[in-house]
Structures are given as structure tokens and as C-alpha cells.
2 protein chains.
Amino acid sequence: MAGVSAATVTRALSTPDVVRPATRDRVREVAASLGYHPNRAARGLITGRTGNLGLLVPDLANPFFPSIVKGVQGRAHEADHAVFLADTDEDPAAEAGLVRKLAKQVDGIVLCSPRMAEPELRALAAEVPTVLVYRRVPGLPSVTAEFLDGMRQAVSHLIALGHRRIAYVAGPRTSWANRERVRSLRAVTRRTGVELVEMGTVAPQFHGGVSVADRVLAAAVTAVIAYNDLVALGLLHRLAARGVAVPDDLSVLGFDDIPLAEMVHPALTTVALPKEEAGQAGVDLLLHLLDSRKAVRRDLPTQLMVRGSTGPAR
Amino acid sequence: MAGVSAATVTRALSTPDVVRPATRDRVREVAASLGYHPNRAARGLITGRTGNLGLLVPDLANPFFPSIVKGVQGRAHEADHAVFLADTDEDPAAEAGLVRKLAKQVDGIVLCSPRMAEPELRALAAEVPTVLVYRRVPGLPSVTAEFLDGMRQAVSHLIALGHRRIAYVAGPRTSWANRERVRSLRAVTRRTGVELVEMGTVAPQFHGGVSVADRVLAAAVTAVIAYNDLVALGLLHRLAARGVAVPDDLSVLGFDDIPLAEMVHPALTTVALPKEEAGQAGVDLLLHLLDSRKAVRRDLPTQLMVRGSTGPAR
DNA sequence: TTCCGGTCTGAAAACCTTTTCATTCCGCGT
DNA sequence: ACGCGGAATGAAAAGGTTTTCAGACCGGAA
């Protein structure tokens with residue numbers, strides 16, 4: 001329609017500087033009027049780049065992940081990439097299969113996989129460019145947060161409020177995030193001389209918090225730090241039902257800062273982890289990896305959000 | 001490697017019945033050992049089917065949508081399709097553009113678009129097979145819920161508790177869901193003789209509920225129905241801050257049944273809309289549309305979840 | 001005038017499948 | 001013995017791009 005060959009159309013659209021301005025404008029004009037966009041599948045066939053990214057999350061129903069998805073999605077679109085989303089339903093076994101299926105159709109993968117074993121992750125990363133989010137494996141590009149610093153902020157806050165004996169409700173033992181949190185917490189409490197009571201592991205969900213609340217109450221602590229906000233909310237729920245005043249009788253502190261945290265009453269004091277930013281950083285690192293073959297690591301800052309669920313120790 | 005032509009490989013893998021068993025087995029064996037999977041982009045080039053679906057949601061941060069995404073995602077994977085996800089950030093203007101970009105790479109689109117104008121939707125649907133979720137447009141395939149029945153359940157529940165004067169806090173006027181809810185509610189209250197006080201429109205979010213709470217309180221009603229759960233939670237939050245007892249002084253009723261609804265205290269009575277099921281149905285309808293060119297409509301049942309936020313009228 | 005270099009454009013190959021059409025081979029009926 | 005039909009396979013085209021290579025054209029230098 002523009003009276004030029006397909007080759008010139010390609011050049012006019014993707015490398016405009018090499019075609020004569022008059023021709024270029026004519027081609028682009030015609031293309032626009034026809035609503036023509038290059039077929040990305042055909043392009044991918046020859047360039048080897050599909051312009052697609054894969055994103056794997058363990059469970060969208062966990063309010064932590066939609067924010068990450070949002071970040072990935074937004075940044076990917078800015079970089080003119082589309083996003084394949086897969087939810088593994090908390091099944092680490094299914095993850096590898098999903099990644100491999102996706103692998104053929106994407107340039108790279110942003111992987112949120114708190115549970116998958118490290119060797120498996122390495123194997124996957126060798127097959128398809130991969131960036132880990134909220135998971136660190138030596139040698140692989142990853143986005144995480146400064147857990148240690150967040151934990152330091154949380155404990156300092158509690159100490160300032162007069163707490164000296166603190167419980168920790170742990171998440172799944174196999175989860176990397178939980179291991180990190182435990183490690184940080186132990187380090188911080190040892191350094192500050194605070195007494196730490198570890199309550200054992202619960203499901204990282206609302207009902208996990210509900211189920212452990214009575215044991216926390218029996219542990220004679222003045223404050224409790226939960227593995228994440230969902231668990232903290234479960235604690236709050238059960239404590240309210242038992243008539244325990246928060247924060248007067250017990251201070252409750254969460255981790256993540258999911259949107260619900262400030263919607264409940266009392267609002268939850270929590271260590272905010274960057275979520276949307278982590279998603280964006282994941283995409284940045286992935287694109288960087290694709291361009292330069294360099295695996296980078298990024299550690300994002302955390303921030304204690306002081307709300308109503310923590311107060312002076314009795 | 002199997003000593004046969006590419007044509008035979010294709011046949012052995014996708015139409016096994018037309019190749020001699022011995023050959024077929026040999027080919028499949030070699031394919032497996034090589035980890036060979038047909039390149040879907042190349043296949044799409046010739047078959048015209050990509051095996052990909054698009055999914056557009058207005059805002060993943062709204063807890064209503066992750067469940068839908070989960071449903072779409074799960075069912076699509078069962079049908080061996082991958083899912084492109086796009087979040088439009090509540091920007092109806094951007095939606096059309098996103099759909100068109102996605103259109104070339106997918107067989108069809110599952111579209112959650114409460115705001116987009118009807119003509120625009122029709123135009124889009126003419127360009128690419130589209131199924132609407134929680135939106136009804138005559139002639140287009142769509143998945144919705146029985147709002148009228150849900151509203152009937154809600155109002156009957158309130159009537160049974162002795163409520164006779166009920167407030168409704170509306171969502172965006174341009175939203176299809178809000179229009180449906182208002183329409184249903186008016187019909188039900190007219191029929192039952194309940195007095196309906198319409199409080200006007202708020203943002204369909206937590207802060208929307210917070211901001212309207214005092215006006216509801218001044219309206220001298222004994223119960224309030226909110227456009228959705230987020231607004232209802234905002235109401236609860238502000239009411240708690242004002243020292244109003246729920247449900248003793250005021251009953252609060254939501255819509256959607258997002259996961260948070262049962263995490264707050266008191267837990268929120270709400271009309272549950274099928275979310276994951278809606279996503280699954282969306283995929284089913286889309287695949288049906290692709291196969292048979294027939295546009296179907298599906299109406300899913302709603303279910304009142306009675307929890308702690310509603311009680312007898314004073 | 002000739003030749004050179006540079007700029008712009010077109011032809012053709014390549015990417016990886018699937019599908020159509022043709023070919024080969026075999027067994028069977030006449 | 002011949003021909004026919006059916007089954008199995010291969011060759012080649014097609015799908016929509018991008019890239020490489022070659023060619024056309026033009027201006028300027030020798």
C-alpha cells in the first residue's frame with residue numbers, strides 16, 4: 001500500500017533512521033491507517049526475542065502477591081513487553097513444569113518461589129533467564145529486601161515501648177523468607193538482650209494466626225511478632241474474641257504491610273516490604289540480564305509502619 | 001534424529017493415529033529424550049491459534065480481582081492455554097489500546113471492564129473474540145451473577161431482623177455493577193415496602209466507606225448496604241472509631257465477599273459473588289466461542305453470607 | 001568522463017511449524 | 001498378471017517477519 005517492499009516497512013517501523021524521511025513517513029502513515037502492527041510471533045521466530053515475560057507466583061489469593069504482579073506488569077508494559085502469568089497454587093512440584101512450559105514462549109522469567117529447592121532453581125535458571133523475587137540464591141539475579149534492617153526497626157520499636165520478652169510465630173520451615181526472618185530476629189535479639197520465645201511454625205495464613213493465638217497468650221510475653229500480616233491478623237481476630245486488649249495487654253507486629261493491615265481495628269503495626277517496587281525491580285533485572293548477560297542482585301529498603309497494634313508494655 | 005521428515009514428527013506428536021505405531025513411538029521417544037516441544041509461535045503462525053488467552057482486569061489491588069485471575073489462570077492451564085495478564089490501572093481509556101496490543105498474540109480475551117462504554121466494547125469484540133466478566137452487553141458472551149437474587153437475599157435478611165429503613169452507599173455511577181445493584185435494590189425495596197435511602201456515590205474503596213460513614217450515621221437508618229466489601233470495611237472502620245456498635249446500633253452489609261470480609265471484627269455479612277468460578281466460566285465461554293462461534297451468556301448464583309455485622313434492628 | 005563512496009531500497013533467505021499434495025509401497029480383487 | 005485402493009511417508013509451500021546481501025542511484029573527486 002505504501003508502494004515499498006516489506007523490508008522497507010520493517011525498517012521504517014523499527015529502525016527509522018536508515019530510511020529516507022519521506023518514505024518513512026508515508027509507510028508509518030499507511031501503517032497507522034491500516035492499524036497494522038507487526039505480528040510478534042513471526043518476529044520472535046526470527047529475532048529469537050518474543051517480547052514476552054513470564055511471571056510465576058505461588059498464590060494470588062495471598063494479598064502479598066497481587067502487588068508484585070502489578071509492579072511486574074506495569075514495568076513490563078513500559079518496556080513494551082507482555083506478561084504471562086502463572087499461579088502455582090502453592091505447589092512447588094508443579095512450578096518447574098510450569099516454568100518449562102512457559103520457557104519456550106518468553107525471553108525470561110520472574111520467579112516468586114519461596115519453597116522450591118535451591119538445586120532445582122539453579123537448573124531452571126540454566127534453562128531460561130530467570131530473576132528471583134524475595135528469594136536469594138548465590139549466583140542468580142534476585143530482588144529481596146533488607147530483612148535484617150526491618151527486624152532491627154521492629155525490635156527497636158518494641159524495646160522503646162518497654163518490651164523485653166517477645167514471641168515469634170514462624171512461617172513454613174521450608175520457606176526462604178521465614179528462614180531469613182528467624183535468622184535476623186535471633187541476631188537482633190541476641191545483640192539487644194531481648195528474650196525471644198519461638199512459638200513454632202504455622203500456616204502462613206489467617207487461620208494459622210488464629211490457631212496459635214492462645215499459645216501466644218499462655219507464653220507470658222508482652223509482644224508478638226508474626227511471620228506475616230495474615231498470621232498477625234489471625235492473631236488479632238482470636239485475641240479480640242478472647243477479650244484481650246490490643247495493644248494494652250499484648251502488642252502485635254506483622255510483616256509485609258498488605259493492604260488489609262490498615263483496614264482492621266486496631267490497625268496493624270508492621271514491617272513494610274516493597275512489593276510493587278520489587279516487581280518493577282524484577283523486570284529491570286531481567287531485562288538487564290537479557291541485554292548484558294550480567295546477573296545482578298538488588299536489596300530494597302524496608303520500613304516499619306507504626307500503627308495501633310503496638311503500645312507500651314504492661 | 002528419528003530418521004523421519006519434519007512432517008512425520010508433526011504427525012507423530014499431534015495426530016498420532018495417522019502414523020505407523022513403530023514410527024510414532026520412535027519419534028516420541030526421541031522427542032522426549034531431547035526435551036523437544038514444538039515452538040508455539042511457529043505453530044501459531046500457520047494454524048492461526050496461539051494457545052494464548054488475554055486477561056484484562058481494572059485493578060489487581062482490588063481484592064475482588066485476584067480471585068478472578070486465579071480462576072481464569074487455572075482453567076486456562078487445564079485447557080493447555082497460557083494467560084497474558086494486563087492490569088489497566090482503572091484507566092478505561094488505556095483498556096482499548098491494551099486489548100488491541102494483546103489481540104495479535106492471543107486467541108481471545110477475557111475482559112473485566114466495569115467502566116468502558118458499550119459501543120467501545122462492541123468494537124473491541126468485533127476485532128478479537130471477547131468474553132465479558134461481570135459486565136453484560138447484549139449480543140456479547142458474558143459471565144455475570146444473579147445480582148437481583150443476591151439483593152433479595154440481603155434485603156430479606158434485613159427485614160427478618162426488623163430493619164425498615166435502609167441506606168445504600170453507591171459505587172461509581174459509570175460502573176455497570178453499580179447500576180445493576182441500584183436497579184435490583186430499588187426493585188426489591190419497592191416490592192417489600194422497605195424505605196431506601198440512597199447516600200450517593202463514593203470511590204469503591206476503603207476510604208470511600210470511611211468518608212461516607214458519618215453521613216450514614218446521620219441518616220437515621222438501622223442498616224446500610226454498601227456497594228462492595230471495601231466500602232463496607234471503610235464504614236466499619238470509621239464507625240468503630242466513632243464508638244458506634246455494630247451490629248447493635250447499625251447493621252452493615254457488603255457485596256462481593258472478598259477474603260478480608262471474614263477477617264475483620266465483627267466479620268462482615270455480605271453477598272458472596274462467585275469469583276474463581278466466574279474466571280473459569282469466562283475461559284469456558286471463550287473456548288466455546290472459539291470453537292463454535294456461538295456467544296453464550298452465563299449467570300452464576302449468589303449467596304448471602306451472614307456474619308457478625310448484621311443484627312436485629314434497635 | 002569515469003570512478004568511488006555513501007545512502008536508500010529490494011530480493012531472497014531464514015526462523016519453525018503445519019498442511020497439502022504427491023509418491024511409494026503393499027495387499028487384494030479380477 | 002494387472003490394476004486399484006488405502007496406508008504411510010516425504011517434499012514443498014505457507015505463515016509474517018527480520019536480516020543479509022546486492023543493486024540502484026546520486027554527488028563529488030580525479
Side-chain angles (χ1 to χ4, degrees), chain A residues 1-52 80-82 84 100-108 127-129 290-291, chain B residues 1-52 80-82 84 100-108 127-129 290-291:
Chain A
M1 288 225 64
V4 297
S5 72
T8 301
V9 173
T10 279
R11 286 188 279 251
L13 296 178
S14 50
T15 48
D17 38 318
V18 307
V19 7
R20 195 156 51 100
T23 316
R24 158 164 50 77
D25 295 344
R26 184 157 35 91
V27 170
R28 307 195 97 162
E29 196 172 323
V30 172
S33 80
L34 259 51
Y36 168 85
H37 290 277
N39 178 319
R40 299 186 84 140
R43 163 185 294 173
L45 215 48
I46 177 134
T47 61
R49 288 276 291 248
T50 61
N52 298 331
D80 203 33
H81 283 241
F84 275 115
R100 294 208 169 80
K101 255 182 70 177
L102 238 48
K104 310 281 162 164
Q105 316 192 58
V106 301
D107 298 333
E127 290 177 38
V128 49
L290 293 175
D291 283 349
Chain B
M1 288 226 63
V4 299
S5 72
T8 302
V9 173
T10 279
R11 286 188 280 252
L13 297 177
S14 50
T15 48
D17 38 318
V18 305
V19 3
R20 196 155 50 101
T23 315
R24 158 163 51 76
D25 295 344
R26 187 158 32 91
V27 170
R28 307 194 96 161
E29 198 172 322
V30 172
S33 79
L34 261 51
Y36 168 86
H37 290 277
N39 176 320
R40 298 186 84 140
R43 163 186 293 173
L45 214 48
I46 179 133
T47 61
R49 288 276 290 250
T50 62
N52 297 330
D80 203 33
H81 283 241
F84 275 114
R100 292 206 169 82
K101 255 182 68 176
L102 238 47
K104 309 282 163 161
Q105 317 193 59
V106 301
D107 298 334
E127 291 177 38
V128 49
L290 293 175
D291 283 349

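So that the names make sense, note that chain A is the first sequence line, chain B the second, and so on, each numbered from 1. All heavy atoms count here, side chains included; hydrogens, waters and symmetry mates do not. All values reported here derive from a predicted model rather than from experimental measurement.
In plain terms, the two heavy atoms of Arg24(B) and Pro16(B) that are nearest each other are NE-O, 3.3 Å. Residues Val27(A) and Ala12(A) approach most closely at CG1-CB, 3.6 Å, considering heavy atoms.
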N/O donor to acceptor pairs below 3.5 angstrom from side-chain atoms of residues 38-50 of chain B, sequence neighbours left out:
from     : atom 1 : to        : atom 2 : distance (Å)
Asn39(B) : OD1    : Ala41(B)  : N      : 2.7
Asn39(B) : OD1    : Ala42(B)  : N      : 3.0
Arg40(B) : NH2    : Asp80(B)  : O      : 3.1
Thr47(B) : OG1    : Arg43(B)  : O      : 3.0
Thr47(B) : OG1    : Arg49(B)  : N      : 3.2
Thr47(B) : OG1    : Arg49(B)  : O      : 3.2
Arg49(B) : NE     : Asp107(B) : OD2    : 3.4
Thr50(B) : OG1    : Asn52(B)  : N      : 3.0
Thr50(B) : OG1    : Gln105(B) : O      : 3.3
Thr50(B) : OG1    : Asp107(B) : OD1    : 3.1

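Taken from CZ in Arg26(A) to OG1 in Thr23(A), the straight-line distance is 5.5 Å, to the nearest 0.5 Å.
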Using a cut-off of under 3.5 Å, enumerate the N/O to N/O pairs linking the protein to nucleotides 23-27 of chain C.
none

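In this model, the phosphate group of dT19(C) is not approached by any side-chain N or O of Thr47(B) to a distance below 4.0 Å at OP1 or OP2.
Bending across the helix from dT1(C)-dA30(D) to dT30(C)-dA1(D), expressed as the angle between its end axes from five pairs apiece, amounts to 70° (10° rounding).
In the 5' to 3' direction, nucleotides of DNA chain D lying under 4.0 Å from heavy atoms of chain B begin and end at dA8(D) to dG16(D).
For the segment residues 25-46 of chain A, the set of residues with a heavy atom within less than 4.0 Å of an atom of DNA chain C comprises Leu45(A), Ile46(A), in numerical order. Interface residues of residues 2-17 of chain A facing DNA chain C, ordered by number: Gly3(A), Val4(A), Ser5(A), Ala7(A), Thr8(A), Arg11(A); criterion, heavy-atom separation under 4.0 Å.
Proximity of Arg100(B) to Glu127(B): side-chain heavy atoms (C-beta onward) are separated by under 4.5 Å at one or more points.
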